[in-house]
Amino acid sequence: MNEKVKSGSRNVAIVGPYLSGKTTLLESLLFVTGTISRKGNVKDGNTVGDSAGESRDRQMSVEVSAASTEFNGTRFTFIDCPGSVEFVQETYNALMGVDAVIVVCEPIRDRVLTLAPLFKFLDDWEIPHIVFVNKMDRANIHVLETLHALKAVSSRPLVAHQYPIMNGEQLTGFIDMVSEQAYQYHSGAPADPIPFPESLKAEEHQARAEMLEALADFDDHLLEELLEDIEPPQEEILNDLKLELGADLVVPVFFGVAEQDYGVRPLLEALQREAPEPETTAERRLKNIKDNTSLAQVLKTYYTPQGGKLSLVRIWRGKLTDGIVLNGIRAGGIYRLMGQQQQLVNEVGAGEIVAVSRLEGIKTGDTISTEKQVQELSKAEQLEPVYALAITPEKRNDEVKLSSAITKLLEEDPALAWEQHGDTHEVILWGQGEIHLQVALDRLRRKYNLPMTTHLPQVPYKETIRKTVAAVHGRYKHQSGGHGQFGDVFLDIQPLPRGTGFNFNETIVGGVVPKQYIPGVEMGVREFLTHGPLGFPMVDVAVTLTNGSYHSVDSSEQAFRQAARLAMQTGIPKAQPTLLEPILRVEVTTPSEFTSKVLQLVSGRRGQILGYEGRNDWQGWDNVAAYLPQAEMQNFIVELRSLTLGVGSFHWVYDHLQEVPEKLAERVLTSNGNGNNTNGK
Ligand SMILES: Nc1nc2c(ncn2[C@@H]2O[C@H](COP(=O)(O)OP(=O)(O)OP(=O)(O)O)[C@@H](O)[C@H]2O)c(=O)[nH]1
């Protein structure tokens, strides 16, 4: 392949909503360029893109996969990205390393709307992108309607690079908007030039005029020509398209049918001609890097079924050679990827995306170099986890293996997080949704032989008291053979304001409880508070040791500890124990058209709405701020997505504890058998 590559390379990500046809498009790109001789099919599970077992099982991409090919002397490395919102972190991480992006979407209004977060990410990072409207064999909305829907969700102007020629709902050809030449598609062969279809003249002229006006917004010379009614030379239009795409000022639009390879050659030609060269991208990405060191960045980490580590890296400066030492670690082999297949190479230069094996300790997003100290490249933002499951190994003695397997799992998928909860002691796996966690659990089973069972995480309820009880007596007296045990205390138990925690005081006078035994009293009180009468840890309680007595031989710290526990056992039930639940402060982001539904969702889940407003940085989107009980959060993201075409999201932080309404508290306590185990619904 090396000899044929004459005119540089391009690294292109293929992104877009779930099931829009990205993997099919990659298959077609590889087929049209002769890299594969037979196309695979998503249903049959034999495509290059969806090569991981977890993808094949679900007929959906769950991680990025890379494939290189060559077209007219240019090497293309395509990165097929998952479309599901639950795997978007994969996509964001990979986008940090590409020169251009193909956004694949279907000609369906609601599907187009779901592109908004992706467009925002691309524009925030100024990543050049084009749109490929796929499935134009089922286009039951008009081309101009599709373009309008696209324009509504993009902050950058869209320019139709082609005008599709349709026969009913089926794409049959296109008009190239630069040359105004019409072409007819053929199965298995390049498109043929045909005469301009007169019936499309008016529509095509309008779309072309809009394209030229959009380009002219960034080119005064073109603007003058348009004002003076001079037809601009094609060279000038192409030049503007290249410059303005490269600077993420405009978004060219193409149409096609990936399944029939329609529109795929024109797409490749446009990418070769107009997508920025790797050097241009490097200038953009390295503009804040002051030193001149060799640099690469990890876009994705894989663990192969054999357990080997592979890091997909973009080389920004310098080159990678066999046996190179990066960040102090000797790399294994360097490979070009074709889905799960690897082709060993000895040396690769700047501007390429390749996989490097055995970079132990290096994570996705890390900057790597041959030098000791380098400036870190910026990374894609880390998404907050929004969905959790408590997990337990099916086999008890697998518990020891779990933490090292989870560490590897997190390296492969940085959108996962885990914790061992301090109160409930459960191991909780956090991620972006149900399917995301199921895929992670599949990996644990397949790659690490760790089958797990799951359940909804417990809500970490707490308890407090409402009333003060004074002078509660606790006496511990035990006579067994020789030495006896004697401790005797009087405690005042008082509720504290919410969020205060626990206070211990003593007002002992005259040494009725000697100093050395007082820590024992505090210990006994604290022990009792770890498990209150309702079954949960107690908070916001003050306990004061006011009185007591001792025995000069039989008293000990231990005996006072027991006496304090007895006093607490007597006193707390009289102080009106009450159930408290954690309340989160939640900030929901949603398209404004769904805000009222979101408000209903929040109120329906016992939420307290704190306010909502339009986002300054995102036209047409609102933020809703609210307090929500944690017990109501388990499936919140699932509901939110189903109300907002999948694009609603939220941030949360723990805020405070609040009394559980009485009726609900009864239910929680009965379903827990006075113990702690469900989410309280
Ligand atoms: N009619 C029609 N169907 C298509 C076309 N391209 C893809 N499909 C079908 O659409 C479905 C989804 O295709 P994929 O290529 O898996 O979509 P994807 O975007 O890679 O999916 P994810 O990565 O899981 O989001 C499959 O059943 C394809 O056969 C097309 O041009 N026309």
Side-chain angles (χ1 to χ4, degrees), residues 12-32 36 38-67 78-92 94-95 101-108 110-112 114-115 117-118 129 131-141 143 146 162 164 166-174 185 187-188 254-267 300 339 432-436 438-439 442 641 645-647:
V12 180
I14 307 176
V15 304
Y18 180 48
L19 298 183
S20 53
K22 300 174 290 298
T23 304
T24 309
L25 176 62
L26 173 61
E27 204 70 8
S28 175
L29 287 160
L30 297 176
F31 176 70
V32 162
I36 53 173
R38 247 186 89 222
K39 281 204 294 178
N41 177 307
V42 177
K43 288 184 203 85
D44 297 339
N46 56 357
T47 55
V48 173
D50 285 349
S51 47
E54 295 79 22
S55 297
R56 295 211 154 133
D57 287 355
R58 295 176 171 78
Q59 295 189 9
M60 68 185 277
S61 307
V62 301
E63 61 181 8
V64 299
S65 65
F78 290 106
I79 315 269
D80 179 17
C81 298
S84 156
V85 278
E86 298 190 24
F87 299 95
V88 74
Q89 183 82 56
E90 283 280 306
T91 302
Y92 288 173
L95 290 179
V101 171
I102 307 170
V103 179
V104 182
C105 77
E106 291 167 76
I108 301 172
D110 279 359
R111 284 307 192 97
V112 170
T114 66
L115 289 172
L118 187 58
H129 52 287
V131 171
F132 182 79
V133 182
N134 189 32
K135 303 199 184 180
M136 289 294 290
D137 52 339
R138 296 184 187 167
N140 53 15
I141 69 167
V143 175
T146 307
Q162 299 176 324
M166 308 292 295
N167 180 6
E169 293 183 0
Q170 168 73 45
L171 180 77
T172 58
F174 69 99
Y185 285 125
S187 214
F254 295 79
F255 296 85
V257 183
E259 249 178 10
Q260 297 170 28
D261 310 321
Y262 285 3
V264 174
R265 277 188 191 84
L267 182 68
K300 163 75 191 164
Q432 296 301 315
E434 253 171 326
I435 304 172
H436 183 215
Q438 288 311 329
V439 166
D442 268 10
R641 286 187 182 138
L645 298 175
V647 294

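Quick note: residue numbers are just sequence positions, from 1. Atoms within a ligand are numbered from 1 in the order they appear, just like the ligands themselves.
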Do the side chain of Ser20 and the main chain of Val104 share a donor and acceptor less than 3.5 angstrom apart?
yes
Are any of the N/O atoms in Ser84 less than 3.5 Å from those in ligand 1?
no
Working for side-chain contact (heavy atoms from CB on, under 4.5 Å), residues Phe87 and His436
CA-CA 7 Å; Phe87 299 95; His436 183 215; 3.7 Å; yes
If you take all heavy atoms of Asp137 and Gln170, which pair is closest and at what distance?
CB-OE1, 3.2 Å
If you count the atoms of ligand 1 from 1 in the order shown, which ones are under 4.0 Å from a heavy atom of Gly83?
23 (O), 25 (O)
Ligand-side contact atoms (ligand 1) for residue partner Thr23, heavy atom cut-off under 4.0 Å:
15 (O), 18 (P), 20 (O)
Within ligand 1, which atoms have a heavy atom of Arg138 less than 4.0 Å away?
1 (N)
Honestly, for Asp137 the part within reach of ligand 1 (heavy atoms, under 4.0 Å) is side chain
Geometric N/O contact Gly21 with ligand 1, under 3.5 angstrom:
yes
Below 4.0 Å, non-hydrogen atoms only: which portion of Asn134 touches ligand 1? Side chain, backbone, both or neither.
side chain
Judged by atom type as modelled, is there a donor-acceptor pair below 3.5 Å linking the side chain of Gln432 to the main-chain atoms of Val88?
no
Sub-6.0 Å ring centroid separation between Phe174 and Tyr185
yes
If I compare all heavy atoms of Glu86 with all of Glu434, which pair ends up nearest, and what's the gap?
OE1-N, 3.4 Å
Just to verify, which of Ile14, Val103, Ile102 counts as forming a side-chain contact (heavy atoms from CB on, under 4.5 Å) with Lys22?
Ile14
Taking heavy atoms and a distance under 4.0 Å, where does Glu27 meet ligand 1: side chain, backbone, both or neither?
neither
Is the shortest N/O to N/O distance between Leu19 and ligand 1 below 3.5 Å?
yes
Looking only at N/O atoms, are Val257 and ligand 1 under 3.5 Å apart anywhere?
no
What atoms in ligand 1 come closer than 4.0 Å to a heavy atom of Ser20?
17 (O), 19 (O)
Would you say Thr91's side chain and Pro82's backbone share a donor-acceptor pair under 3.5 angstrom?
yes
Give the numbers and elements of all ligand 1 atoms closer than 4.0 Å to a heavy atom of Thr24.
6 (N), 7 (C), 13 (O), 14 (P), 15 (O), 28 (C)
